[in-house]
Number of protein chains: 2
Amino acid sequence: MTSHDNDAFKPIATVDLAIFSLSPAGLSVLLVRRASAPFTGDWALPGGWIHIDEDVDLEAAARRVLKEKTGVETPYLEQLQTTGSRTRDPRGWSISIVYIALLSADHVAERQGGMAGEAEWRPIEGEGVGFPLAFDHASLLKEALGRIRRKVEYSSLPGHLLPVRFTLSELQTVYETLLGRKLDKSAFRKRMSEADFLEPVEGEMRRASNRPAQVFRLKDTRSLALFDRTI
Amino acid sequence: MTSHDNDAFKPIATVDLAIFSLSPAGLSVLLVRRASAPFTGDWALPGGWIHIDEDVDLEAAARRVLKEKTGVETPYLEQLQTTGSRTRDPRGWSISIVYIALLSADHVAERQGGMAGEAEWRPIEGEGVGFPLAFDHASLLKEALGRIRRKVEYSSLPGHLLPVRFTLSELQTVYETLLGRKLDKSAFRKRMSEADFLEPVEGEMRRASNRPAQVFRLKDTRSLALFDRTI
DNA sequence: CTAACTTAGTTGAATATTTACACTAAGGCT
DNA sequence: AGCCTTAGTGTAAATATTCAACTAAGTTAG
């Protein structure tokens, strides 16, 4: 077996998404029911083929799949990892490029009805959803959760689960939900201020509670690349 | 354009490697000269097709390519990222799964002669090698360097660039090389001890300098998974 | 053979950062 | 009016980090 160019094996390659949002129950992931073999009827992460004529690159393919399933066009999107093996799909060698997407609460609210038929939000319990998934998707979901939970420690990632404008108290609650522990208010505020993730929305105050609070928004996402430590 | 299973577009997919080692000049990367179109004669990261019958998964494919180019069978190997687009290869849509490999000094020494004809070590200067590479490989190399340099901060990754057994002074020098700055000896030792990356080789001392030094080795690599924060 | 030199490994004081918790103030609610 | 809840700040104690000196085990020069 030598390596001429025309030995090129072209494997089946899909883009799969772990799409998260916050529900009253905590962090939730969007799952779809498989309509065709293999794993017909099982729950799976939403995914799709790359469309050679539509998608200029992998991220565009992920964005398109996300829009098809949820209608959302401006998500937080981040490549997680690529798995490929002979055994993960019974039809043979296949590759899956997995992306993580975070949907804000208002994204989800807007699209409550418009969601593709068999897609449903399922609450995260521990390292997954508590029931089996098609292919190796349970393992992919576990990796995605690991990435998110580690990244809470050093990035503004949790901010993408809130509406565009939020208060510091709301943000702290999201951090606490993802970390599974309480944070000190004073330390949290100092850290946010030093990390320079946020900008105040000038003059805007919110009175969701019994006291008005300053409203913030995330600074331009591009600056986040500085903090990306993939894996 | 609807999405039946048999629409499945199977893109050209390769596994490419950014293989690093330490040379007297500092960090070096292994490059090969392309023998065929496109980019004939240009330098590129070593890579290869997936062999559907040989490779059980992507990591096995990366391992095989590494062995073909360097003879090394037990490298440090880590998936970096996957790029795929219409434009990165003039022949059309293609995908590259990129792995980072670190070779220890004794790996390199062993294989000085046995290396495939047109492969050469090139010193890293800043964010690359200082001359153009085929495809998007300059950009892939830049990402790999970013990953390595960030990971120095919180992992034992630099240890994989040394022989299996090394002294703390040698290890500190590698950290300093990768970070591009001097570290405090006392703080470095305390950190290493707390991080629990290393185990002493009982009873073994090295007298490379004018004073004998305790010899260490990395603890089982599997424990490193705890620290992996991809990207 | 001795004295000077080099480097492994440790110690400690000065400084900076984190943590825990109390405190003030601006409303809403009864 | 007075009490309650929550936004936002202050601060003292505990912990970490930094910087630099110190000890000890050799090697090398004279």
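Throughout, protein chains are lettered first and strands after them, A, B, ... in sequence-line order, and every chain is numbered starting at 1. These numbers come from the heavy atoms of this one structure, side chains and all, not from hydrogens, waters or symmetry mates.
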(message) Could you tell me the boundaries of the chain A footprint on DNA chain D, defined by atoms under 4.0 Å from its heavy atoms?
(response)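 Terminal contacting nucleotides, 5' to 3': D/dT5 to D/dG10.
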(request) Give the rounded distance in Å between these two atoms: CZ of B/Phe216 and C1' of C/dG9. (result)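 Going from B/Phe216 (CZ) to C/dG9 (C1'), I get 10 Å.
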(message) Please report the distance, rounded to the nearest Å, between NZ in B/Lys190 and P in C/dT10.
(response)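 Taking NZ of B/Lys190 and P of C/dT10, I get 13 Å after rounding.
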[X]/[Y] ion pair, N-O < 4.0 Å:
{"X": "A/Lys151", "Y": "A/Glu78", "answer": "yes"}
{"X": "A/Lys182", "Y": "A/Glu176", "answer": "yes"}
{"X": "B/Glu143", "Y": "B/Arg147", "answer": "no"}
{"X": "B/Arg165", "Y": "B/Glu204", "answer": "yes"}
{"X": "A/Asp55", "Y": "A/Arg64", "answer": "yes"}
{"X": "A/Lys219", "Y": "A/Asp196", "answer": "yes"}

(request) Hey, could you give me the CH2/CD distance between B/Trp43 and B/Glu120, rounded to the nearest 0.5 Å? (result)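 The distance works out to 4.0 Å.
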(request) Would you indicate what A/Arg191 reaches in the nucleic acid, counting non-hydrogen atoms under 4.0 angstrom: base, sugar-phosphate, or nothing? (result)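 Sugar-phosphate, backbone atoms only, no base.
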(request) Find which nucleotide of DNA chain C each of A/Glu194 and B/Ala213 is nearest to by heavy atoms, and output the residue with the more 5' nucleotide. (result)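 Residue closer to the 5' terminus by nearest nucleotide: B/Ala213.
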(message) Just to be sure I understand the geometry, which residues of residues 162-186 of chain B put a non-hydrogen atom under 4.0 Å away from DNA chain C?
(response)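 By residue number: B/Ser169, B/Lys185, B/Ser186.
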(request) Applying side-chain contact (heavy atoms from CB on, under 4.5 Å) between B/Leu157 and each of B/Ile100, B/Val174, B/Ile148, report the one that passes. (result)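 Running side-chain contact (heavy atoms from CB on, under 4.5 Å) over B/Ile100, B/Val174, B/Ile148 with B/Leu157 returns exactly one hit, B/Ile148.
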(request) Would you mind telling me which of A/Leu218, A/Leu198, A/Leu161 makes a side-chain contact (heavy atoms from CB on, under 4.5 Å) with A/Leu171? (result)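 The residue from A/Leu218, A/Leu198, A/Leu161 that satisfies side-chain contact (heavy atoms from CB on, under 4.5 Å) with A/Leu171 turns out to be A/Leu198.
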(request) State whether the side chain of A/His137 and the backbone N or O of A/Leu45 hold a donor-acceptor pair below 3.5 Å, judged by distance alone. (result)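 Yes, A/His137 side chain to A/Leu45 backbone: donor-acceptor pair under 3.5 Å.
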Filtered N/O pairs between nucleotides 25-30 of chain C and protein, under 3.5 Å:
from, atom 1, to, atom 2, distance (Å)
C/dA25, N3, A/Arg211, NE, 3.4

